[in-house]
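Because only heavy atoms are used, hydrogens play no part in the values below, and waters and symmetry mates are left out as well, while side chains stay in. Chain A is the first sequence line, chain B the second, and so forth, proteins listed ahead of strands; every chain is numbered from 1.
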Protein chains: 2
Amino acid sequence: MDRLDKKILRLMQEDATLAVADIAKKVGLSTTPCWRRIQKLEEEGVIQRRVAVLNPEKVNTRVNVFISIRTSAHSLEWLKRFSEVVQEFPEVVEFYRMSGDVDYLIRVVVPDIAAYDAFYKKLIAKIEIRDVSSAFAMEQIKYTTQLPLDYMVLEKDGNASAAG
Amino acid sequence: MDRLDKKILRLMQEDATLAVADIAKKVGLSTTPCWRRIQKLEEEGVIQRRVAVLNPEKVNTRVNVFISIRTSAHSLEWLKRFSEVVQEFPEVVEFYRMSGDVDYLIRVVVPDIAAYDAFYKKLIAKIEIRDVSSAFAMEQIKYTTQLPLDYMVLEKDGNASAAG
DNA sequence: GCTGAAACGCGCGACTT
DNA sequence: AAGTCGCGCGTTTCAGC
């Protein structure tokens with residue numbers, strides 16, 4: 001990956017509808033080499049997928065809730081099942097195992113507080129959870145799928161095809 | 001929006017590279033009406049954009065950090081500036097104003113703890129922040145851009161073109 | 001609002017430097 | 001590696017039901 005790949009990724013993170021010819025123009029390439037780079041980035045798994053991003057308001061999932069869970073007293077068996085159960089809910093859009101005070105952090109999207117309550121009941125019906133606390137977001141100030149590319153490790157020029 | 005729009009959205013949230021003809025087939029429509037529905041969903045802002053989703057590992061942003069901020073003692077002026085400053089950092093991928101104990105919650109992506117430290121220094125160089133605490137994710141168990149569509153409000157059939 | 005087909009542009013590959 | 005050319009597919013539009 002070099003400077004041009006980085007430019008390509010930056011553009012595609014913003015807008016995946018851009019025609020290859022347009023991307024090519026913007027990065028200073030002609031279409032074929034640009035197309036080949038994009039293919040390679042897909043094969044290598046740098047580009048994972050192209051998705052449509054929907055407006056949460058329009059699909060009635062305005063409300064973001066963060067659930068913090070402490071699991072200190074639970075068994076390994078429980079932890080495994082917990083992880084599986086939580087993941088399966090479509091309302092769960094993010095799920096992290098944390099270091100420190102809180103053990104797990106979950107982001108859930110729902111229409112309103114009542115729906116959250118219903119979700120919470122569905123969840124605890126499937127698995128016993130001891131130490132939970134929920135925090136509601138009043139406003140989503142920023143949400144982006146764009147990862148910063150400033151940390152990318154670039155290969156030196158003239159040596160672009162080493163195996164990963 | 002009806003049942004077919006919902007199906008279309010479900011498919012496009014998963015894979016925005018699907019050809020219109022393929023989507024049409026899967027929802028039981030032919031290409032033209034399916035294409036028109038997609039156009040309409042874009043015009044209405046239900047579909048906000050199509051983006052490429054990158055592999056965080058491959059672009060060297062493995063580490064997720066959640067920053068909790070309490071702002072009780074700050075002025076309105078400060079709050080405004082705070083919001084602007086934080087948003088501008090490309091490492092900040094999510095940013096919420098919360099209710100309850102914590103006032104703001106930020107998700108940041110960086111390569112490692114050292115990079116987080118550098119980010120943190122950049123941040124506090126730009127704005128004074130009093131009550132901050134950082135929590136590191138050990139593992140991203142789930143991350144999806146797909147919103148649940150189960151809460152969508154569908155219009156009755158035979159009344160498909162009412163204004164929003 | 002649907003189907004079918006035509007027109008156009010773009011993705012993709014073969015070949016060249 | 002990158003560029004030019006061209007075929008075929010997919011998107012988009014249009015005529016008719």
Please report, rounded to the nearest Å, how far the [atom2] atom of [N] is from the [atom1] atom of [X].
X	N	atom1	atom2	result
B/Ile8	C/dG1	CD1	P	13 Å
B/Glu155	C/dG1	CD	P	11 Å
A/Lys40	C/dG13	NZ	C1'	19 Å
A/Met1	D/dA1	CE	C1'	18 Å
A/Arg37	D/dG3	CZ	P	10 Å

| said: Less than 6.0 angstrom separating the ring centers of B/Phe95 and A/Tyr143, yes or no? | reply: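 Distance test on ring centres: not under 6.0 Å, no.
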| Sub-6.0 Å ring centroid separation between B/Phe66 and A/Tyr96 |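 When the ring centroids of B/Phe66 and A/Tyr96 are compared, they turn out to be within the sub-6.0 Å range.
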Are any of the side-chain nitrogens in [X] or [Y] under 4.0 Å away from the carboxylate oxygens of its partner?
X	Y	result
B/Arg37	B/Asp5	yes
A/Glu42	A/Lys40	no
B/Glu14	A/Arg49	no

| task | Answer whether the closest heavy-atom distance between the side chains of B/Gln48 and A/Lys58 falls below 4.5 Å. | result |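 No, side chains not in contact.
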| request: For nucleotides 5-17 of chain D, just jot down a letter per nucleotide in 5' to 3' order: B, S or -, based on protein non-hydrogen atoms under 4.0 Å. | output: B----SSSBB---
